[in-house]
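Here the structure is laid out as structure tokens; the discussion comes afterwards.
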Amino acid sequence: MRVLVSGGAGYIGSHTVLALVAAGHDVVVVDDFSNAKPTVVGRLEALTGRHIPVHAFDLTDIDKTEHLFATDTIDAVIHFAGYKAVGESVQKPLDYYQNNLGSTFSLVRAMQRHDVDKLVFSSSATVYGTDQAGATEDRPTFATNPYGWTKVMQEQILRDIAVADPDMRIALLRYFNPVGAHPSGTIGEDPSDVPNNLMPYIAQVAVGRREKLQVFGDDYDTPDGTGVRDYIHVEDLAAGHVAALEKLAVTDEPISTWNLGSGRGTSVLELLRAFEKAVGRELPYEVVGRRAGDVATSYADPSKANAELGWSTQKTVEEMCADTWRWQSQNPDGYPD
Ligand code: WQD
């Protein structure tokens, strides 16, 4: 299929572009590069040996989005593009609602005008609110921050669209904690400023860009007191997107929801120890107070995706750390401008 990947220059999007090409699909990328560097495209072309068509614009621009669908033959869309920083969303809620929902409105309207019926939507475990332990897809959804609400709302909007237009084939994919990098070490996670997330922060400590890791609380009701999360290698996540896309070509369900996670929890200190093994030395850290909004434990029940997509995670936490370290040590300052 010819697949439009929105946010395809981003962390998860770029890894999914590789997986799509490897699975024999054609890819077109649209990205506004507000949270990605153009260098990624060259890396993808080097890895695939193929030209990757890229359209650089903001999907909330209805005319440009329409023009893309009018001038290219798109069979399916994987929609990653969106703002995703929890803390920033609390400071700038209108930007988050306008951008995340507006881009989806513009995109889905163009899809409907051009009879594109397959959509894979990038959702998040954050829609389980504070009830994320052993989460199954039938749990009610709610959020504790504007970013999370944009995901809850987009899921609901897409469910309503599926009722109104049962010819649509939509997959809502709820990710847990994506980490890792392509084993080549040439693409990876490159946060634009101080990393919010644990793995990139540890990686920047290891490469000498940050002094030490701050562990946000060790008084949670977890085995070692630190937060437990379901880390999923971005390569496994990308494979899950290809599996979901190909399922849409054969299912009779207008809309389906799948958790993409390992089903296993790893604590902050366990991840730190695993990263130290990858680096071969101890890394400095300090336990500080809890971060507002954090839950103690989050991990998926991935059995629905395992059964219906024939997909499961393959990579271990050690591989996630080793691949992250290879990317970070080969690119100490991330992607060049
Ligand atoms: C993981 C654990 C922290 C940083 C976030 C978003 C979620 C989703 C995935 C988009 C927690 C601890 C972290 C640090 C730390 N994103 N931590 N020191 O919060 O589970 O999920 O990313 O969909 O919406 O909320 O991931 O990596 O920020 O935190 O101790 O410097 O690491 O307390 O226990 P999180 P995270």
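Note that ligands are numbered from 1 as they come in the structure, with each ligand's atoms numbered from 1 the same way.
Among all protein heavy atoms, the one lying closest to atom 8 (C) of ligand 1 is S124 OG, 4.3 Å. The closest protein non-hydrogen atom to atom 12 (C) of ligand 1 is V268 CG2, 3.7 Å. Nearest protein heavy-atom neighbour of atom 36 (P) of ligand 1: N197 ND2, 3.5 Å.
Note on ring orientation: taking the six-membered ring where Trp is involved, the planes of F80 and Y175 are tilted (angle from 30° to 60°). Classified by interplanar angle (parallel below 30°, tilted 30° to 60°, perpendicular above 60°), the ring pair Y96/Y147 is perpendicular.
When each of V317, D230, T313, I232 is paired with R264, the side chain to side chain contact (heavy atoms under 4.5 Å, CB included) condition holds for T313 and for no other. No option in V108, L101, N100 other than V108 meets the side chain to side chain contact (heavy atoms under 4.5 Å, CB included) test with T104.
With ligand atoms numbered from 1 in the order given, ligand 1 contributes 4 (C), 28 (O) to contacts under 4.0 Å with heavy atoms of N196. Each of the atoms 24 (O) of ligand 1 lies under 4.0 Å from some heavy atom of T126. Ligand 1 places these atoms under 4.0 Å from at least one heavy atom of V215: 30 (O). Ligand 1 places these atoms under 4.0 Å from at least one heavy atom of Y147: 10 (C), 23 (O), 24 (O). Less than 4.0 angstrom separates some heavy atom of V86 from each of these atoms of ligand 1: 6 (C), 24 (O), 25 (O). Shown in contact with N177 at under 4.0 Å from a heavy atom are these atoms of ligand 1, numbered in order with element: 20 (O), 21 (O), 26 (O), 35 (P).
The shortest N/O to N/O separation between D294 and ligand 1 falls below 3.5 Å. Between F216 and ligand 1, at least one pair of N/O atoms sits closer than 3.5 Å. Where the criterion is an N or O separation shorter than 3.5 Å, residue side chain and backbone included, Y201 fails it with respect to ligand 1.
Between Y231 and ligand 1 there is a heavy-atom distance shorter than 4.0 Å. Judged by the shortest distance from any of its heavy atoms, Y175 lies outside the 4.0 Å radius around the atoms of ligand 1.
The part of L213 lying near ligand 1 is the side chain, judged by heavy-atom distances below 4.0 Å. In T226, neither the side chain nor the backbone holds a heavy atom less than 4.0 Å from any atom of ligand 1. The backbone and the side chain of L198 each have at least one atom closer than 4.0 Å to an atom of ligand 1 (non-hydrogen atoms only).
Heavy-atom contacts from other residues, nucleotides or ligands closer than 6.0 Å to CD of E211 number 12 or fewer.
Taking only non-hydrogen atoms, the option from R291, R229, Q214 nearest to atom 18 (N) of ligand 1 is Q214.
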### Query
Where do Q112 and R109 land on the side chain to side chain donor-acceptor pair (under 3.5 Å) test, with the steps shown first?
CA-CA 5 Å; Q112 292 183 330; R109 284 192 186 284; 5.5 Å; no
### Check against salt bridge (charged side-chain N to carboxylate O under 4.0 Å, His left out), E276 and R273
CA-CA 5 Å; E276 289 175 336; R273 298 292 174 238; 3.2 Å; yes
### Verdict with supporting geometry, H79 and S103, side chain to side chain contact (heavy atoms under 4.5 Å, CB included)
CA-CA 9 Å; H79 183 30; S103 59; 3.8 Å; yes
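At a threshold of 4.0 Å, the pair E155-K151 does not count as salt-bridged, since none of the basic side-chain nitrogens sits closer than that to a carboxylate oxygen.
In this structure, Y231 and L198 have side chains that are in contact, with non-hydrogen atoms separated by less than 4.5 Å.
There is a side-chain donor-acceptor pair under 3.5 Å between Q314 and S312.
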